[in-house]
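Report on the following structure.
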Amino acid sequence: MKLYSTNNKDLRVSFQEAVFNSLPADKGLYMPEVIPVLDPAFIRQIQQYSLQEIALEVAHALIGDDIPKDDLQAIIADAINFDAPVRFLDAETGVLELFHGPSYAFKDFGARFMSRVMGYFSKQGDQLLDVLVATSGDTGGAVASGFLGVDGTRVTILYPKGKVSKVQEEQLTTNGENIRALEVDGTFDDCQALVKTAFNDADVNKVLRLTSANSINIARLIPQTFYYFWAYAQLKSQGISEVVFTVPSGNFGNIGAGLLAYKMGLPVTHFVAGTNVNDTVPRFLQSGSYDPKPSVQTLANAMDVGDPSNWVRIQDLFQNNLDELRGVISSYTYDDDQTVKAMEELYTNYQYIACPHTAIAYLASKQYKQDHPGTYASVFLSTAHPCKFPDAISQEVFAKIELPEGAEDLAGKPKLATEMPADYASFKTYLLAHK
Ligand SMILES: *Cc1c(COP(=O)(O)O)cnc(C)c1O
C-alpha cells in the first residue's frame with residue numbers, strides 16, 4: 001500500500017511511514033493511492049464469515065504486502081477481540097453497538113489496531129516510541145488500553161482536570177506499566193496545544209522518538225471499516241440487503257471509514273451523519289461552502305468539533321464532487337434539549353439506554369426515514385456505553401444501567417496521575433526528566 005497526501009497527489013509513502021508520521025509534512029492527510037474494490041462474490045457471501053475473517057479480507061486488500069497476511073491475521077486476532085453486534089429495536093431499526101471493547105467506546109477499534117501495527121513495525125533495538133495524546137475523554141482510554149503492555153512503546157496522556165467523567169478518568173489513570181497520565185489544570189484545547197508544541201520542539205525531538213495517536217492516523221481509519229462490513233453481514237444473515245447507516249459524527253473519522261467501505265464495494269444505500277450543534281458539515285452539505293467555527297460545548301462532548309479534521313479525506317474520496325457526496329450522505333443537527341429527549345424516548349419506547357452521541361444518531365436516523373421512506377433497514381451506530389456519560393443521563397435511568405464487565409474493578413484501582421499546570425515549560429521539564 002502506498003499513500004499520497006491530500007495536499008500532494010504526487011507524494012508516495014509506505015504504509016509504515018504513514019503510520020509513524022500520522023500526518024504528512026504538508027499538513028494534508030494520507031490516502032491510499034488506489035481504493036481496492038473487494039470481490040463481489042465475497043460481499044455476496046459475507047454472512048458466512050466472522051468479524052475477524054472479514055477484517056482480515058478488508059485490511060489485506062488495503063494494506064497489501066506491507067504486512068504479510070499471516071502477521072495481519074495475528075494483529076487482528078489480538079486487536080479485534082470483542083464483538084460489534086447489531087441489536088434490533090424493531091423490525092426495521094437496528095443499533096450497531098461498538099462499545100464492547102475495553103474502553104467501552106468505538107475508538108477501541110482504531111486504537112487497538114494502530115497500537116499493534118506500531119508495535120509490529122517497531123524493530124528490536126529501535127528507540128522507545130513515545131506516543132503523546134491529548135484527550136477530552138474517550139480517545140485517551142482507548143489509546144491507553146490499546147498500548148498497555150505493547151513492547152517498545154510508551155504513552156503519555158494529557159487530560160483536562162475535572163473535565164472527564166469518572167469512568168473515563170479511571171480508564172486513563174489506573175493502567176501503570178507503559179502508560180502515564182498527566183492531569184492538566186486547563187481545558188482540552190490546552191492539552192492539545194501542549195502536545196502540538198512538543199511535536200515542534202527540537203530539544204524534545206532530539207532525545208525522544210515522538211508519535212501521535214490522533215484520529216487522523218491511517219491505522220485508526222482502516223479498522224473502523226471492519227464493523228460496517230460486519231454489520232452488513234449480520235443484516236444479510238437475516239435476509240436484509242438494503243441498509244442506511246447513521247453515524248454520530250464529530251471529527252468525521254467514523255463515517256469516513258464507512259464511506260471508504262462503500263468505495264470498496266460495500267452496498268450501502270445511504271449514509272447519514274448526525275451532529276450536535278457543531279454543524280460545520282451539515283452547513284457545508286447545504287450551502288456548498290466550508291465554513292468552520294470554534295467548537296461549542298455540548299452533552300455529546302466527543303463530537304464537539306468545529307473543524308472536523310477527517311473531512312478532507314471524505315472530500316478526497318469523492319474527488320470534491322459535491323453532487324456525488326450529496327447523493328451518498330445526508331446530515332442533521334440536534335441541540336442538547338433534543339438529545340436529552342431522544343435518550344428518554346429510547347428508554348421509554350425500547351428500554352434502551354443510550355449515550356448522548358448515540359441518541360443523536362437515533363434522531364438523525366429517524367428523521368432520514370421520515371424524509372425518505374423505504375424498505376431499507378435503518379442502522380444507527382452506538383459509539384459509547386452510556387456509563388461513560390453520567391452527566392447527560394437522569395440519576396434514575398443511570399441507576400438502571402448494567403455496567404460492562406470490568407467497570408467495577410476499575411473503580412477499586414489506585415489513581416496514577418501527575419498533576420501539571422497548563423504551561424509548556426512544565427510539560428517540557430517533565431518529558432526531559434523522564435526519558
Ligand atoms: C470520538 C467519538 C465520536 C465521534 O467520532 P468521529 O470519528 O470523531 O466522528 C462519537 N461518539 C463517541 C462516543 C466518541 O468517542
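Counting starts at 1 for both ligands and their atoms, in listed order. Note that the coordinates shown come from a computational prediction; the quantities given were computed from them, not determined experimentally.
Between Met303, His357, Lys107, it is Lys107 that holds the heavy atom closest to atom 2 (C) of ligand 1.
In summary, the atoms of ligand 1 found under 4.0 Å from a heavy atom of Gly253, numbered by their order in the structure, are 6 (P), 7 (O), 9 (O). Ligand 1 places these atoms under 4.0 Å from at least one heavy atom of Phe252: 6 (P), 8 (O), 9 (O). Close approach of ligand 1 to Asn251 is summarised as follows: ligand atoms under 4.0 Å from at least one heavy atom of the residue are 6 (P), 8 (O), 9 (O). Short contacts between ligand 1 and Ser249, defined as distances under 4.0 Å to a heavy atom of the residue, involve ligand atoms 9 (O). Listed by number with element, the atoms of ligand 1 under 4.0 angstrom from any heavy atom of Asn254 are 7 (O). Each of the following atoms of ligand 1 lies closer than 4.0 Å to a heavy atom of Ala384: 13 (C).
Classification of Lys341 and Glu345 as a salt-bridged pair fails, no side-chain N sitting under 4.0 Å from a carboxylate O.
Remark: of the listed residues Phe229, Tyr49, Tyr232, Tyr49 is the sole one forming a ring-ring contact (aromatic ring centres under 6.0 Å, His included) with Phe42.
Contact analysis leaves Ala105 out of contact with ligand 1, as no non-hydrogen atom separation drops below 4.0 angstrom. Ligand 1 has at least one atom lying under 4.0 Å from a heavy atom of Phe106.
At distances below 3.5 Å, not a single donor-acceptor pair connects side-chain atoms of Asn278 with backbone N or O atoms of Ser295. With hydrogens and angles ignored, the 3.5 Å screen pairs no side-chain donor or acceptor of Arg112 with any backbone N or O of Ile76.
Between His372 and Tyr368, the ring planes are parallel. Angles under 30° get that label, and only those over 60° would be called perpendicular.
Seen from the ring of Phe318, Lys263 counts as a face-on cation partner, given the 6.0 Å and 45° thresholds.
Ring-centre distance between Phe245 and Tyr228: below the 6.0 Å cut-off.
Ranking the protein heavy atoms by distance from atom 12 (C) of ligand 1 puts Thr383 OG1, 3.4 Å first.
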